Number of protein chains: 2
Amino acid sequence: MKNSIKVERAKLNITQAQLAELVNVSRQTINAIELGKYNLSTILALKIAQVFKQPVQNVFELEDSDWQSDGNS
Amino acid sequence: MKNSIKVERAKLNITQAQLAELVNVSRQTINAIELGKYNLSTILALKIAQVFKQPVQNVFELEDSDWQSDGNS
DNA sequence: AATTAATGTAAAGTAAACATGACATAAAGA
DNA sequence: TCTTTATGTCATGTTTACTTTACATTAATT
């Protein structure tokens, strides 16, 4: 899964730590998600998309490889 | 978080088991998600929304209570 | 060049998302 | 009514999302 968190943060000019605070997770969690290290929960994705005032699909995009395995990782 | 999986399944006239197969998870997982028993991963939410040809926010909707706690459960 | 702010990374722990197998019940059709 | 299909649920197990603490690195400011 790809994401555009870094770009959207730049638009709003906020840091990872500030985004983390806005959605109530740790800064490290935002960092890991932004770097594609794991598959965040849907509630968190909805919150992040709402902060960015974007549809979820605009921030998080499926890749073809995501269809080959199951819902995890 | 609320969801409209049951309604969207009805539109397509597919069972929980069929949806499960389409997105490569177990039938029990779809059942639990549909009943709101847990907070599915974003990849899975994107897959389900894609099967339904709907935006994620149209299938999965944040509730106010989701903002009070953290990204989990 | 020195300090601060922002980001990246790592280790260890906890909670929860998933899987599988099994069974109970409800709905539907023959 | 009998059988099949669809849904709900429980128990057990594994994987992983997320937390916390801590430190290293990079970027920005003075």
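Here is the naming used below: chain letters follow the sequence lines, and residue numbers restart at 1 for every chain. The structure displayed is predicted, hence computed values, not measured ones. Atom set for the values below is all heavy atoms of this structure, side chains included, hydrogens, waters and symmetry mates excluded.
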Separation of [N] [atom2] from [X] [atom1] (nearest whole Å):
X	N	atom1	atom2	result
B:L19	C:dC18	CG	C1'	15 Å
B:I43	D:dT16	CD1	P	11 Å
B:L40	D:dA17	CG	P	13 Å
B:I14	D:dA6	CD1	C1'	13 Å
A:I30	D:dA17	CD1	C1'	13 Å
B:N39	D:dT16	CG	C1'	13 Å
B:N13	D:dA6	CG	C1'	12 Å
B:Q18	D:dT7	CD	P	9 Å

[X] side chain: which of [options] is closest?
X	options	answer
B:R9	D:dT7, D:dC18, D:dT9	D:dT7
A:R27	C:dG8, C:dA22, C:dC18	C:dG8
A:T15	C:dA6, C:dC18, D:dT9	C:dA6
A:L35	D:dG8, C:dG8, C:dC18	C:dG8

- For A:T29, does its backbone N or O pair with a side-chain atom of A:K37 as donor and acceptor, under 3.5 Å? no
- Would you check if the side chain of B:T42 reaches a backbone N or O of A:L40 as a donor-acceptor pair within less than 3.5 Å? yes
- Item | Straight-line distance of B:I30 CD1 to B:L44 CG, nearest 0.5 Å | 6.0 Å
- At under 4.0 Å between heavy atoms, what does B:S26 touch on the DNA or RNA strands: base, sugar-phosphate, or nothing? base
- What is the nucleic acid contact for A:T29, judged by heavy atoms within less than 4.0 Å: base, sugar-phosphate only, or nothing? base
Does [N] have OP1 or OP2 sitting under 4.0 Å from an N or O in the side chain of [X]?
X	N	result
A:S41	D:dC18	yes
A:K37	C:dT9	yes
A:N31	C:dT7	no
B:Q16	D:dG8	yes

- Does the distance from a Lys or Arg side-chain N to an Asp or Glu carboxylate O, for B:R27 and B:E21, drop under 4.0 Å? no
- Say whether B:L12 and B:V56 are linked into one hydrophobic cluster, either directly or through other cluster members, by side-chain heavy-atom distances under 4.5 angstrom. yes
- Item | Side chain A:Q28 and base D:dT21 donor-acceptor under 3.5 Å | yes
